[in-house]
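First the proteins, then the strands, lettered A, B, ... as listed; each starts at 1.
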Amino acid sequence: MNLANSLLIKFRGNFITKSFLLHSNFSTNRSMVDKITNLNDALNLFDEMSHTRPLPSIVQFTQLLHLVTKMKHFSSSLHLFNQMCSLGVPVDKYSISIAIKCCCQLYRTKDGFALLGCCFRRAIPPNVYIFSALLDGLVLEDRILEAEILFKKLIKQNLCEPSVVTYNTMIKGLCKFGYNVTAVALLRLMEQKNCQPKMVSDKGILPNVITYNSLICGLCKFGRWDEASKMLKQMEDDNISPNVKTFTALVDAFCKEGKVKEAEAVINIMIERGKVPNIVTYNSLIDGYCLRGEMIKAREIFDSITLRGLVPDVVTYSSLLNGYCKNLNIEKAEEMFHEMTVKGLKPDVVTYSTMIQGFFQVGRCVAARRLVDEMHAQGQIPDQCTYGIVLDGLCNNHLVEDALSLFYLVGNSKLNSDIAVYNILIDGAGKNGKVEVARILFQGLIDKGLQPDVRTYNVMISGFCREGQLGEAKLLFLKMEESGCPPNDVTYRVLLQGYLKNRHYDDVEMLLQEMDDRGYSLDASTLSLFIDHIAAGLLDRSMLKLFGKLVPKELLNDPSLCDWE
DNA sequence: TTAGGGTTAG
(Lines give C-alpha, C1' and ligand atoms only; values in the text may rest on other atoms or scores of the structure.)
Protein backbone atom coordinates (compact mmCIF):
# COMPACT_ATOMS: atom_id res chain seq x y z
CA MET A 1 0.00 0.00 0.00
CA ASN A 2 1.42 3.38 -0.90
CA LEU A 3 1.76 6.32 1.42
CA ALA A 4 -1.08 8.30 -0.09
CA ASN A 5 -3.48 5.43 0.39
CA SER A 6 -2.47 4.81 3.93
CA LEU A 7 -2.79 8.49 4.76
CA LEU A 8 -6.21 8.53 3.21
CA ILE A 9 -7.25 5.58 5.27
CA LYS A 10 -6.00 7.20 8.44
CA PHE A 11 -7.78 10.36 7.60
CA ARG A 12 -11.05 8.67 6.82
CA GLY A 13 -10.84 6.23 9.66
CA ASN A 14 -10.50 8.84 12.31
CA PHE A 15 -14.03 9.53 13.40
CA ILE A 16 -15.67 6.26 12.77
CA THR A 17 -13.00 4.23 14.55
CA LYS A 18 -13.67 5.82 17.87
CA SER A 19 -17.38 5.36 17.75
CA PHE A 20 -17.15 1.78 16.66
CA LEU A 21 -14.53 0.83 19.15
CA LEU A 22 -16.74 2.23 21.84
CA HIS A 23 -19.82 0.37 20.85
CA SER A 24 -18.88 -2.90 19.34
CA ASN A 25 -16.27 -5.26 18.11
CA PHE A 26 -16.01 -7.20 14.92
CA SER A 27 -17.69 -10.28 16.24
CA THR A 28 -20.91 -8.29 16.22
CA ASN A 29 -20.21 -6.91 12.79
CA ARG A 30 -23.79 -7.41 11.66
CA SER A 31 -25.11 -4.71 13.93
CA MET A 32 -22.30 -2.41 12.83
CA VAL A 33 -23.23 -2.85 9.23
CA ASP A 34 -26.83 -2.17 10.09
CA LYS A 35 -25.93 1.18 11.60
CA ILE A 36 -24.25 2.42 8.46
CA THR A 37 -26.34 4.84 6.51
CA ASN A 38 -23.94 6.45 4.10
CA LEU A 39 -21.08 5.62 1.83
CA ASN A 40 -18.47 7.36 3.91
CA ASP A 41 -19.21 5.33 7.01
CA ALA A 42 -19.14 2.17 4.94
CA LEU A 43 -15.76 3.03 3.48
CA ASN A 44 -14.41 3.88 6.90
CA LEU A 45 -15.63 0.62 8.30
CA PHE A 46 -14.04 -1.24 5.44
CA ASP A 47 -10.71 0.45 6.11
CA GLU A 48 -10.95 -0.47 9.70
CA MET A 49 -11.84 -4.06 8.95
CA SER A 50 -8.99 -4.41 6.54
CA HIS A 51 -6.55 -3.31 9.24
CA THR A 52 -7.84 -5.71 11.85
CA ARG A 53 -5.88 -8.89 12.47
CA PRO A 54 -6.95 -11.53 12.10
CA LEU A 55 -9.01 -10.31 9.19
CA PRO A 56 -12.77 -10.34 9.71
CA SER A 57 -14.53 -13.15 7.93
CA ILE A 58 -15.67 -13.10 4.35
CA VAL A 59 -19.23 -12.97 5.64
CA GLN A 60 -18.62 -9.65 7.33
CA PHE A 61 -16.92 -8.21 4.30
CA THR A 62 -19.72 -9.40 2.10
CA GLN A 63 -22.37 -7.84 4.31
CA LEU A 64 -20.64 -4.55 3.89
CA LEU A 65 -20.33 -5.07 0.15
CA HIS A 66 -24.01 -5.83 -0.03
CA LEU A 67 -24.83 -2.68 1.85
CA VAL A 68 -22.78 -0.44 -0.41
CA THR A 69 -24.40 -2.07 -3.43
CA LYS A 70 -27.83 -1.50 -1.98
CA MET A 71 -26.97 2.17 -1.70
CA LYS A 72 -26.30 1.99 -5.45
CA HIS A 73 -22.65 2.91 -5.07
CA PHE A 74 -21.72 0.24 -7.56
CA SER A 75 -18.32 1.52 -8.43
CA SER A 76 -17.30 1.87 -4.77
CA SER A 77 -18.59 -1.59 -4.14
CA LEU A 78 -16.54 -2.96 -6.97
CA HIS A 79 -13.53 -1.14 -5.66
CA LEU A 80 -14.03 -2.73 -2.25
CA PHE A 81 -14.36 -6.13 -3.86
CA ASN A 82 -11.01 -5.64 -5.57
CA GLN A 83 -9.47 -4.57 -2.30
CA MET A 84 -10.86 -7.67 -0.65
CA CYS A 85 -9.19 -9.76 -3.31
CA SER A 86 -5.85 -8.08 -2.79
CA LEU A 87 -6.17 -8.51 0.96
CA GLY A 88 -6.42 -12.20 0.32
CA VAL A 89 -9.99 -12.57 1.55
CA PRO A 90 -11.19 -15.74 -0.16
CA VAL A 91 -14.10 -14.57 -2.31
CA ASP A 92 -17.11 -16.82 -2.39
CA LYS A 93 -20.25 -17.06 -4.48
CA TYR A 94 -21.99 -14.30 -2.52
CA SER A 95 -19.27 -11.71 -2.90
CA ILE A 96 -18.68 -12.58 -6.53
CA SER A 97 -22.41 -12.32 -7.26
CA ILE A 98 -22.39 -8.83 -5.85
CA ALA A 99 -19.34 -7.90 -7.92
CA ILE A 100 -21.01 -9.20 -11.09
CA LYS A 101 -24.15 -7.27 -10.27
CA CYS A 102 -22.12 -4.08 -9.83
CA CYS A 103 -20.30 -4.52 -13.15
CA CYS A 104 -23.62 -4.99 -14.91
CA GLN A 105 -25.22 -1.95 -13.30
CA LEU A 106 -22.20 0.12 -14.36
CA TYR A 107 -22.69 -0.86 -18.00
CA ARG A 108 -19.65 -3.09 -17.74
CA THR A 109 -21.40 -6.35 -18.46
CA LYS A 110 -18.27 -7.50 -20.23
CA ASP A 111 -16.45 -7.47 -16.89
CA GLY A 112 -19.43 -9.24 -15.38
CA PHE A 113 -18.97 -12.08 -17.83
CA ALA A 114 -15.24 -12.12 -17.05
CA LEU A 115 -16.14 -12.66 -13.41
CA LEU A 116 -18.49 -15.42 -14.49
CA GLY A 117 -15.40 -17.04 -15.95
CA CYS A 118 -13.78 -16.70 -12.52
CA CYS A 119 -16.72 -18.56 -11.04
CA PHE A 120 -16.12 -21.48 -13.31
CA ARG A 121 -12.38 -21.48 -12.66
CA ARG A 122 -12.96 -21.49 -8.92
CA ALA A 123 -15.62 -24.16 -9.20
CA ILE A 124 -18.26 -21.77 -7.89
CA PRO A 125 -21.47 -22.79 -9.62
CA PRO A 126 -23.17 -19.60 -10.89
CA ASN A 127 -26.63 -19.20 -9.45
CA VAL A 128 -29.82 -17.60 -10.65
CA TYR A 129 -28.87 -14.30 -9.00
CA ILE A 130 -25.72 -14.12 -11.13
CA PHE A 131 -27.52 -14.97 -14.34
CA SER A 132 -30.30 -12.50 -13.65
CA ALA A 133 -27.72 -9.79 -13.01
CA LEU A 134 -25.96 -10.55 -16.29
CA LEU A 135 -29.26 -10.58 -18.11
CA ASP A 136 -30.10 -7.20 -16.63
CA GLY A 137 -26.71 -5.87 -17.71
CA LEU A 138 -27.34 -6.92 -21.29
CA VAL A 139 -30.77 -5.29 -21.18
CA LEU A 140 -29.32 -2.09 -19.78
CA GLU A 141 -26.80 -1.98 -22.61
CA ASP A 142 -29.57 -2.56 -25.15
CA ARG A 143 -28.06 -5.91 -26.08
CA ILE A 144 -31.45 -7.52 -26.26
CA LEU A 145 -30.51 -10.24 -28.73
CA GLU A 146 -27.69 -11.46 -26.50
CA ALA A 147 -30.05 -11.30 -23.54
CA GLU A 148 -32.50 -13.52 -25.38
CA ILE A 149 -29.76 -15.97 -26.28
CA LEU A 150 -28.57 -16.13 -22.67
CA PHE A 151 -32.10 -16.58 -21.38
CA LYS A 152 -32.79 -19.44 -23.77
CA LYS A 153 -29.48 -21.01 -22.89
CA LEU A 154 -30.35 -20.91 -19.19
CA ILE A 155 -33.52 -22.83 -19.83
CA LYS A 156 -32.29 -25.25 -22.49
CA GLN A 157 -29.07 -26.18 -20.74
CA ASN A 158 -30.67 -26.10 -17.34
CA LEU A 159 -27.96 -23.76 -16.07
CA CYS A 160 -30.31 -22.53 -13.41
CA GLU A 161 -33.98 -22.42 -12.65
CA PRO A 162 -35.09 -18.93 -13.72
CA SER A 163 -36.77 -17.01 -10.94
CA VAL A 164 -39.48 -14.42 -11.22
CA VAL A 165 -36.66 -11.87 -11.31
CA THR A 166 -35.11 -13.57 -14.31
CA TYR A 167 -38.43 -13.54 -16.12
CA ASN A 168 -39.14 -9.96 -15.16
CA THR A 169 -35.74 -8.83 -16.37
CA MET A 170 -36.28 -10.51 -19.71
CA ILE A 171 -39.80 -9.11 -20.02
CA LYS A 172 -38.55 -5.65 -19.14
CA GLY A 173 -35.90 -5.94 -21.87
CA LEU A 174 -38.34 -7.13 -24.49
CA CYS A 175 -40.76 -4.33 -23.65
CA LYS A 176 -37.98 -1.79 -23.91
CA PHE A 177 -37.66 -2.66 -27.59
CA GLY A 178 -41.35 -2.96 -28.28
CA TYR A 179 -41.24 -6.75 -28.56
CA ASN A 180 -44.54 -6.90 -26.78
CA VAL A 181 -45.69 -10.09 -28.38
CA THR A 182 -42.64 -11.98 -27.15
CA ALA A 183 -42.95 -10.35 -23.75
CA VAL A 184 -46.55 -11.49 -23.39
CA ALA A 185 -45.53 -14.93 -24.62
CA LEU A 186 -43.04 -15.06 -21.79
CA LEU A 187 -45.77 -14.19 -19.32
CA ARG A 188 -47.77 -17.09 -20.70
CA LEU A 189 -44.75 -19.34 -20.31
CA MET A 190 -44.52 -18.37 -16.67
CA GLU A 191 -48.16 -19.19 -16.14
CA GLN A 192 -47.84 -22.45 -17.98
CA LYS A 193 -44.81 -23.49 -15.99
CA ASN A 194 -46.75 -22.73 -12.90
CA CYS A 195 -49.46 -25.16 -13.90
CA GLN A 196 -47.05 -28.03 -14.31
CA PRO A 197 -47.67 -30.53 -11.55
CA LYS A 198 -44.03 -30.93 -10.68
CA MET A 199 -42.01 -27.82 -10.06
CA VAL A 200 -38.24 -28.12 -9.92
CA SER A 201 -37.89 -25.27 -7.50
CA ASP A 202 -39.81 -25.14 -4.28
CA LYS A 203 -41.35 -21.78 -5.04
CA GLY A 204 -43.64 -21.32 -8.01
CA ILE A 205 -42.86 -18.55 -10.41
CA LEU A 206 -45.91 -16.38 -10.25
CA PRO A 207 -46.03 -13.15 -12.21
CA ASN A 208 -45.98 -10.29 -9.73
CA VAL A 209 -46.70 -6.61 -9.83
CA ILE A 210 -43.33 -5.92 -11.43
CA THR A 211 -44.06 -8.36 -14.26
CA TYR A 212 -47.33 -6.62 -15.01
CA ASN A 213 -45.89 -3.15 -14.64
CA SER A 214 -43.21 -3.91 -17.22
CA LEU A 215 -45.77 -5.27 -19.62
CA ILE A 216 -48.29 -2.47 -19.15
CA CYS A 217 -45.58 0.13 -19.44
CA GLY A 218 -44.25 -1.49 -22.61
CA LEU A 219 -47.69 -1.69 -24.19
CA CYS A 220 -48.50 1.92 -23.30
CA LYS A 221 -45.23 3.16 -24.68
CA PHE A 222 -46.17 1.86 -28.09
CA GLY A 223 -49.73 3.10 -27.91
CA ARG A 224 -51.27 -0.35 -27.62
CA TRP A 225 -54.02 0.79 -25.32
CA ASP A 226 -56.35 -2.14 -25.83
CA GLU A 227 -53.74 -4.67 -24.90
CA ALA A 228 -52.59 -2.57 -21.98
CA SER A 229 -56.08 -2.38 -20.58
CA LYS A 230 -56.53 -6.14 -21.06
CA MET A 231 -53.29 -6.64 -19.19
CA LEU A 232 -54.57 -4.43 -16.40
CA LYS A 233 -57.66 -6.56 -16.18
CA GLN A 234 -55.69 -9.78 -16.15
CA MET A 235 -53.55 -8.36 -13.41
CA GLU A 236 -56.58 -7.77 -11.26
CA ASP A 237 -57.94 -11.23 -12.10
CA ASP A 238 -54.68 -12.56 -10.74
CA ASN A 239 -55.40 -10.65 -7.55
CA ILE A 240 -52.42 -8.39 -8.01
CA SER A 241 -53.42 -4.83 -7.28
CA PRO A 242 -51.90 -2.09 -9.38
CA ASN A 243 -49.50 -0.01 -7.35
CA VAL A 244 -48.37 3.60 -7.68
CA LYS A 245 -45.93 2.64 -10.42
CA THR A 246 -48.62 0.90 -12.42
CA PHE A 247 -50.88 3.93 -12.30
CA THR A 248 -48.02 6.30 -12.95
CA ALA A 249 -47.08 4.34 -16.06
CA LEU A 250 -50.61 4.91 -17.33
CA VAL A 251 -50.55 8.59 -16.42
CA ASP A 252 -47.23 8.99 -18.18
CA ALA A 253 -48.41 7.22 -21.30
CA PHE A 254 -51.50 9.42 -21.54
CA CYS A 255 -49.45 12.55 -20.96
CA LYS A 256 -46.98 11.68 -23.68
CA GLU A 257 -49.92 11.64 -26.08
CA GLY A 258 -51.13 14.96 -24.73
CA LYS A 259 -54.20 13.30 -23.19
CA VAL A 260 -54.05 15.16 -19.91
CA LYS A 261 -57.73 14.75 -19.09
CA GLU A 262 -57.38 10.98 -19.29
CA ALA A 263 -54.23 11.20 -17.20
CA GLU A 264 -56.07 13.15 -14.52
CA ALA A 265 -58.84 10.57 -14.58
CA VAL A 266 -56.26 7.87 -13.87
CA ILE A 267 -54.93 9.93 -10.97
CA ASN A 268 -58.43 10.18 -9.55
CA ILE A 269 -58.92 6.45 -9.85
CA MET A 270 -55.67 5.76 -8.08
CA ILE A 271 -56.62 8.09 -5.26
CA GLU A 272 -60.01 6.37 -4.98
CA ARG A 273 -58.16 3.10 -4.61
CA GLY A 274 -56.11 4.44 -1.78
CA LYS A 275 -52.87 4.85 -3.72
CA VAL A 276 -51.13 8.15 -3.23
CA PRO A 277 -49.69 9.76 -6.37
CA ASN A 278 -46.07 10.68 -5.83
CA ILE A 279 -43.73 13.22 -7.35
CA VAL A 280 -43.11 11.02 -10.41
CA THR A 281 -46.84 10.98 -11.10
CA TYR A 282 -47.12 14.75 -10.97
CA ASN A 283 -43.96 15.25 -12.98
CA SER A 284 -45.56 13.28 -15.79
CA LEU A 285 -48.64 15.45 -15.59
CA ILE A 286 -46.56 18.62 -15.76
CA ASP A 287 -44.90 17.21 -18.86
CA GLY A 288 -48.29 16.54 -20.38
CA TYR A 289 -49.46 20.12 -19.92
CA CYS A 290 -46.13 21.50 -21.14
CA LEU A 291 -46.44 19.41 -24.27
CA ARG A 292 -49.78 21.02 -24.98
CA GLY A 293 -48.35 24.46 -24.34
CA GLU A 294 -50.71 24.91 -21.39
CA MET A 295 -48.11 26.51 -19.19
CA ILE A 296 -50.52 28.11 -16.75
CA LYS A 297 -51.97 24.72 -15.99
CA ALA A 298 -48.50 23.19 -15.77
CA ARG A 299 -47.55 25.86 -13.28
CA GLU A 300 -50.72 25.16 -11.31
CA ILE A 301 -49.77 21.50 -10.98
CA PHE A 302 -46.29 22.53 -9.97
CA ASP A 303 -47.66 24.79 -7.23
CA SER A 304 -50.05 22.12 -6.03
CA ILE A 305 -47.21 19.67 -5.40
CA THR A 306 -46.12 21.42 -2.23
CA LEU A 307 -49.69 21.66 -0.99
CA ARG A 308 -49.89 17.89 -1.27
CA GLY A 309 -46.91 17.53 0.99
CA LEU A 310 -44.59 16.52 -1.82
CA VAL A 311 -41.31 18.17 -2.68
CA PRO A 312 -40.51 19.18 -6.27
CA ASP A 313 -37.26 17.53 -7.34
CA VAL A 314 -34.72 18.15 -10.09
CA VAL A 315 -36.97 16.41 -12.59
CA THR A 316 -39.95 18.58 -11.63
CA TYR A 317 -37.97 21.75 -12.20
CA SER A 318 -36.38 20.45 -15.38
CA SER A 319 -39.77 19.49 -16.78
CA LEU A 320 -41.35 22.85 -16.14
CA LEU A 321 -38.22 24.62 -17.33
CA ASN A 322 -38.39 22.57 -20.50
CA GLY A 323 -42.02 23.59 -20.95
CA TYR A 324 -41.14 27.25 -20.68
CA CYS A 325 -38.23 26.82 -23.11
CA LYS A 326 -40.33 24.99 -25.68
CA ASN A 327 -42.95 27.69 -25.44
CA LEU A 328 -40.23 30.30 -25.90
CA ASN A 329 -40.63 31.85 -22.49
CA ILE A 330 -36.95 31.85 -21.71
CA GLU A 331 -37.28 34.37 -18.87
CA LYS A 332 -39.57 32.03 -16.96
CA ALA A 333 -37.21 29.17 -17.66
CA GLU A 334 -34.29 31.14 -16.28
CA GLU A 335 -36.40 31.92 -13.25
CA MET A 336 -36.99 28.24 -12.61
CA PHE A 337 -33.33 27.51 -13.13
CA HIS A 338 -32.44 30.06 -10.52
CA GLU A 339 -35.19 29.05 -8.13
CA MET A 340 -34.10 25.44 -8.03
CA THR A 341 -30.57 26.34 -6.98
CA VAL A 342 -31.97 28.59 -4.26
CA LYS A 343 -34.00 25.61 -3.05
CA GLY A 344 -30.81 23.60 -2.83
CA LEU A 345 -31.41 21.44 -5.89
CA LYS A 346 -28.45 20.90 -8.16
CA PRO A 347 -29.18 21.27 -11.88
CA ASP A 348 -28.01 18.09 -13.58
CA VAL A 349 -26.97 17.32 -17.14
CA VAL A 350 -30.61 17.22 -18.27
CA THR A 351 -31.43 20.57 -16.66
CA TYR A 352 -28.40 22.19 -18.26
CA SER A 353 -29.08 20.63 -21.64
CA THR A 354 -32.67 21.84 -21.55
CA MET A 355 -31.63 25.35 -20.66
CA ILE A 356 -28.91 25.39 -23.32
CA GLN A 357 -31.43 24.37 -25.93
CA GLY A 358 -33.76 27.09 -24.69
CA PHE A 359 -31.10 29.74 -25.17
CA PHE A 360 -30.31 28.51 -28.67
CA GLN A 361 -33.96 28.53 -29.58
CA VAL A 362 -34.25 32.23 -28.85
CA GLY A 363 -30.96 32.98 -30.55
CA ARG A 364 -28.96 33.60 -27.38
CA CYS A 365 -25.92 31.64 -28.50
CA VAL A 366 -23.51 33.40 -26.17
CA ALA A 367 -25.65 32.56 -23.16
CA ALA A 368 -25.88 28.97 -24.38
CA ARG A 369 -22.14 28.70 -24.68
CA ARG A 370 -21.62 30.24 -21.27
CA LEU A 371 -23.95 27.65 -19.80
CA VAL A 372 -21.93 24.84 -21.36
CA ASP A 373 -18.91 26.23 -19.53
CA GLU A 374 -20.81 26.57 -16.30
CA MET A 375 -22.04 23.02 -16.64
CA HIS A 376 -18.45 21.85 -16.94
CA ALA A 377 -17.42 23.94 -13.95
CA GLN A 378 -20.20 22.38 -11.88
CA GLY A 379 -18.92 18.94 -12.68
CA GLN A 380 -21.83 18.00 -14.92
CA ILE A 381 -20.39 16.23 -17.93
CA PRO A 382 -22.19 16.98 -21.19
CA ASP A 383 -23.40 13.78 -22.80
CA GLN A 384 -24.55 12.56 -26.20
CA CYS A 385 -27.78 14.46 -25.87
CA THR A 386 -26.12 17.73 -24.87
CA TYR A 387 -23.81 17.35 -27.83
CA GLY A 388 -26.74 16.97 -30.18
CA ILE A 389 -28.47 19.99 -28.67
CA VAL A 390 -25.36 22.14 -29.10
CA LEU A 391 -24.78 21.05 -32.69
CA ASP A 392 -28.41 21.61 -33.57
CA GLY A 393 -28.43 24.96 -31.79
CA LEU A 394 -25.38 26.16 -33.67
CA CYS A 395 -26.79 25.05 -37.03
CA ASN A 396 -30.12 26.71 -36.41
CA ASN A 397 -28.37 29.97 -35.62
CA HIS A 398 -26.41 30.00 -38.86
CA LEU A 399 -23.28 28.87 -37.07
CA VAL A 400 -22.94 25.70 -39.06
CA GLU A 401 -19.19 26.32 -39.42
CA ASP A 402 -18.87 26.25 -35.65
CA ALA A 403 -20.92 23.09 -35.48
CA LEU A 404 -18.67 21.45 -38.06
CA SER A 405 -15.52 22.60 -36.24
CA LEU A 406 -16.84 21.06 -33.06
CA PHE A 407 -17.71 17.89 -34.92
CA TYR A 408 -14.24 17.58 -36.42
CA LEU A 409 -12.65 18.44 -33.10
CA VAL A 410 -14.53 15.60 -31.43
CA GLY A 411 -13.26 13.38 -34.22
CA ASN A 412 -13.65 9.64 -34.33
CA SER A 413 -15.14 9.13 -30.90
CA LYS A 414 -18.26 7.47 -29.64
CA LEU A 415 -20.04 10.84 -29.71
CA ASN A 416 -19.61 11.00 -33.44
CA SER A 417 -20.73 7.44 -34.02
CA ASP A 418 -24.36 8.34 -33.57
CA ILE A 419 -26.57 8.68 -36.59
CA ALA A 420 -28.50 11.50 -34.89
CA VAL A 421 -25.35 13.65 -34.94
CA TYR A 422 -25.06 13.17 -38.69
CA ASN A 423 -28.72 13.88 -39.18
CA ILE A 424 -28.38 17.17 -37.36
CA LEU A 425 -25.31 18.23 -39.31
CA ILE A 426 -26.56 17.13 -42.72
CA ASP A 427 -29.76 19.02 -42.09
CA GLY A 428 -27.85 22.03 -40.78
CA ALA A 429 -25.50 22.08 -43.75
CA GLY A 430 -28.39 21.72 -46.19
CA LYS A 431 -30.38 24.50 -44.59
CA ASN A 432 -27.35 26.78 -44.66
CA GLY A 433 -26.77 26.32 -48.38
CA LYS A 434 -23.96 23.81 -48.02
CA VAL A 435 -25.40 20.84 -49.77
CA GLU A 436 -21.93 19.71 -50.84
CA VAL A 437 -20.86 19.52 -47.19
CA ALA A 438 -24.03 17.58 -46.50
CA ARG A 439 -23.16 15.14 -49.26
CA ILE A 440 -19.64 14.66 -47.87
CA LEU A 441 -21.06 14.01 -44.40
CA PHE A 442 -23.49 11.50 -45.85
CA GLN A 443 -20.71 9.64 -47.61
CA GLY A 444 -18.58 9.90 -44.47
CA LEU A 445 -21.09 8.15 -42.28
CA ILE A 446 -21.41 5.32 -44.76
CA ASP A 447 -17.62 4.96 -44.97
CA LYS A 448 -17.62 4.75 -41.22
CA GLY A 449 -19.98 1.81 -41.35
CA LEU A 450 -22.91 3.70 -39.85
CA GLN A 451 -26.37 3.01 -41.18
CA PRO A 452 -28.36 5.99 -42.48
CA ASP A 453 -31.86 5.98 -41.06
CA VAL A 454 -35.02 7.39 -42.56
CA ARG A 455 -34.25 10.85 -41.18
CA THR A 456 -30.79 10.84 -42.75
CA TYR A 457 -32.34 10.20 -46.14
CA ASN A 458 -35.04 12.77 -45.55
CA VAL A 459 -32.68 15.59 -44.62
CA MET A 460 -30.36 14.73 -47.50
CA ILE A 461 -33.25 14.64 -49.97
CA SER A 462 -34.52 17.89 -48.54
CA GLY A 463 -31.07 19.43 -49.04
CA PHE A 464 -30.95 18.35 -52.66
CA CYS A 465 -34.45 19.69 -53.30
CA ARG A 466 -33.57 23.02 -51.75
CA GLU A 467 -30.76 23.40 -54.26
CA GLY A 468 -32.94 22.27 -57.12
CA GLN A 469 -30.98 19.04 -57.50
CA LEU A 470 -34.09 16.99 -58.11
CA GLY A 471 -32.25 14.25 -59.94
CA GLU A 472 -30.06 13.60 -56.92
CA ALA A 473 -33.09 13.72 -54.67
CA LYS A 474 -34.91 11.17 -56.76
CA LEU A 475 -31.90 8.85 -56.94
CA LEU A 476 -31.59 8.83 -53.19
CA PHE A 477 -35.33 8.31 -52.81
CA LEU A 478 -35.13 5.26 -55.04
CA LYS A 479 -32.13 3.98 -53.14
CA MET A 480 -34.02 3.93 -49.86
CA GLU A 481 -36.12 0.89 -50.55
CA GLU A 482 -33.18 -1.18 -51.81
CA SER A 483 -31.10 -0.15 -48.79
CA GLY A 484 -33.68 -1.63 -46.49
CA CYS A 485 -34.84 1.76 -45.28
CA PRO A 486 -38.18 2.38 -46.99
CA PRO A 487 -39.38 5.99 -47.33
CA ASN A 488 -41.97 7.17 -44.82
CA ASP A 489 -44.67 9.82 -45.06
CA VAL A 490 -42.15 12.58 -44.38
CA THR A 491 -40.01 11.43 -47.32
CA TYR A 492 -42.95 11.76 -49.66
CA ARG A 493 -43.87 15.17 -48.35
CA VAL A 494 -40.30 16.43 -48.65
CA LEU A 495 -39.97 15.18 -52.18
CA LEU A 496 -43.38 16.51 -53.22
CA GLN A 497 -42.59 19.93 -51.82
CA GLY A 498 -39.28 19.86 -53.65
CA TYR A 499 -40.98 19.02 -56.92
CA LEU A 500 -43.67 21.65 -56.53
CA LYS A 501 -41.29 24.42 -55.50
CA ASN A 502 -39.10 23.65 -58.50
CA ARG A 503 -42.14 23.34 -60.77
CA HIS A 504 -41.18 19.86 -61.73
CA TYR A 505 -44.44 17.98 -62.07
CA ASP A 506 -43.53 14.75 -63.87
CA ASP A 507 -43.48 12.48 -60.85
CA VAL A 508 -46.09 14.23 -58.74
CA GLU A 509 -49.02 12.05 -59.70
CA MET A 510 -47.00 8.89 -59.20
CA LEU A 511 -45.90 10.03 -55.75
CA LEU A 512 -49.46 10.89 -54.77
CA GLN A 513 -50.57 7.47 -55.95
CA GLU A 514 -47.87 5.75 -53.90
CA MET A 515 -48.84 7.78 -50.86
CA ASP A 516 -52.41 6.70 -51.25
CA ASP A 517 -51.35 3.08 -51.61
CA ARG A 518 -49.35 3.29 -48.44
CA GLY A 519 -52.09 5.01 -46.50
CA TYR A 520 -50.13 8.22 -46.03
CA SER A 521 -51.68 11.66 -46.02
CA LEU A 522 -50.59 15.21 -46.75
CA ASP A 523 -49.69 17.59 -43.98
CA ALA A 524 -50.92 21.18 -43.80
CA SER A 525 -47.88 22.80 -45.38
CA THR A 526 -47.63 20.41 -48.34
CA LEU A 527 -51.36 20.76 -48.76
CA SER A 528 -51.31 24.53 -48.94
CA LEU A 529 -48.45 24.40 -51.44
CA PHE A 530 -50.60 22.12 -53.58
CA ILE A 531 -53.52 24.47 -53.31
CA ASP A 532 -51.39 27.36 -54.52
CA HIS A 533 -50.26 25.37 -57.52
CA ILE A 534 -53.74 24.21 -58.36
CA ALA A 535 -55.13 27.71 -57.98
CA ALA A 536 -52.43 29.04 -60.29
CA GLY A 537 -53.47 26.48 -62.85
CA LEU A 538 -50.07 24.82 -62.79
CA LEU A 539 -51.33 21.37 -61.99
CA ASP A 540 -53.51 19.13 -64.09
CA ARG A 541 -57.00 19.05 -62.58
CA SER A 542 -57.23 15.35 -63.31
CA MET A 543 -55.08 14.93 -60.22
CA LEU A 544 -57.76 16.46 -58.00
CA LYS A 545 -59.57 13.27 -57.16
CA LEU A 546 -56.41 11.52 -56.04
CA PHE A 547 -55.35 14.63 -54.23
CA GLY A 548 -58.65 14.79 -52.33
CA LYS A 549 -58.09 11.30 -50.97
CA LEU A 550 -54.86 12.42 -49.35
CA VAL A 551 -56.36 15.28 -47.37
CA PRO A 552 -56.65 14.14 -43.76
CA LYS A 553 -60.09 14.46 -42.22
CA GLU A 554 -58.99 16.87 -39.55
CA LEU A 555 -57.84 19.34 -42.22
CA LEU A 556 -61.00 19.10 -44.30
CA ASN A 557 -62.76 21.78 -42.29
CA ASP A 558 -59.74 24.02 -41.95
CA PRO A 559 -61.04 27.46 -42.98
CA SER A 560 -57.68 28.47 -44.42
CA LEU A 561 -57.78 25.59 -46.85
CA CYS A 562 -61.37 25.37 -47.98
CA ASP A 563 -61.56 27.98 -50.73
CA TRP A 564 -59.41 26.22 -53.23
CA GLU A 565 -62.00 24.97 -55.68
C1' DT B 1 -35.95 -7.31 -10.93
C1' DT B 2 -40.53 -2.25 -12.08
C1' DA B 3 -41.99 4.04 -13.15
C1' DG B 4 -40.48 10.36 -14.31
C1' DG B 5 -37.14 15.20 -17.28
C1' DG B 6 -33.10 17.07 -22.20
C1' DT B 7 -31.00 15.67 -29.11
C1' DT B 8 -32.25 14.91 -35.29
C1' DA B 9 -36.32 15.03 -40.85
C1' DG B 10 -41.90 17.41 -42.57
Kindly indicate whether the side chain of [X] and the base of [N] share any N or O donor-acceptor pair separated by less than 3.5 Å?
X	N	value
A:Thr354	B:dG6	no
A:Ser284	B:dG5	no
A:Thr351	B:dG5	yes

Counting only side-chain heavy atoms from C-beta out, which of [options] sits nearest to [X]?
X	options	result
A:Lys245	B:dG10, B:dT8, B:dA3	B:dA3
A:Asp427	B:dT1, B:dG6, B:dA9	B:dA9
A:Asn458	B:dA9, B:dT1, B:dG5	B:dA9
A:Lys172	B:dA9, B:dT1, B:dT8	B:dT1
A:Ile210	B:dT8, B:dT7, B:dT2	B:dT2
A:Arg455	B:dA9, B:dT1, B:dT7	B:dA9
A:Asp383	B:dT2, B:dG6, B:dG10	B:dG6
A:Ile424	B:dG5, B:dT7, B:dG6	B:dT7
A:Thr248	B:dT8, B:dA3, B:dT1	B:dA3
A:Val459	B:dA9, B:dG10, B:dG5	B:dA9

For [X], which contact category applies under a 4.0 Å heavy-atom criterion: base, sugar-phosphate, or nothing?
X	value
A:Thr386	base
A:Cys217	nothing
A:Lys431	sugar-phosphate
A:Val421	nothing
A:Gln497	sugar-phosphate
A:Asp136	nothing
A:Val314	base
A:Ser319	sugar-phosphate
A:Ala249	nothing

Is there side-chain contact between [X] and [Y], with heavy atoms separated by less than 4.5 Å?
X	Y	answer
A:Arg493	A:Ser521	yes
A:Arg369	A:Leu394	yes
A:Asn208	A:Asn168	yes

OP1, OP2 of [N] versus side-chain N and O of [X]: anything below 4.0 Å?
X	N	result
A:Lys70	B:dT1	no
A:Lys221	B:dT2	no
A:Lys101	B:dT1	yes
A:Lys326	B:dT7	yes

What do you reckon, are the aromatic ring centroids of A:Tyr129 and A:Tyr94 less than 6.0 Å apart? no
Measure from the ring center of A:Tyr317 to the ring center of A:Phe337 and say whether it is less than 6.0 Å. no
Gap between atoms [atom1] and [atom2], on [X] and [N] respectively (whole Å):
X	N	atom1	atom2	result
A:Asn416	B:dT7	CG	P	19 Å
A:Lys256	B:dA3	NZ	C1'	10 Å
A:Leu404	B:dT8	CG	P	18 Å
A:Ile356	B:dT7	CD1	C1'	12 Å
A:Leu285	B:dA3	CG	P	20 Å
A:Asn488	B:dG10	CG	C1'	9 Å
A:Asp453	B:dT8	CG	P	13 Å
A:Ile461	B:dA9	CD1	P	15 Å

Restricting to non-hydrogen atoms, name the atom on A:Leu450 and the atom on A:Tyr422 that form the minimum distance, rounded to 0.1 Å. CD1-CE1, 3.6 Å
Heavy-atom closest pair, residues A:Leu250 and A:Val266: CB-CG1, 4.1 Å
Nearest 0.5 Å please: distance from the SG atom of A:Cys465 over to the NZ atom of A:Lys474. 12.0 Å
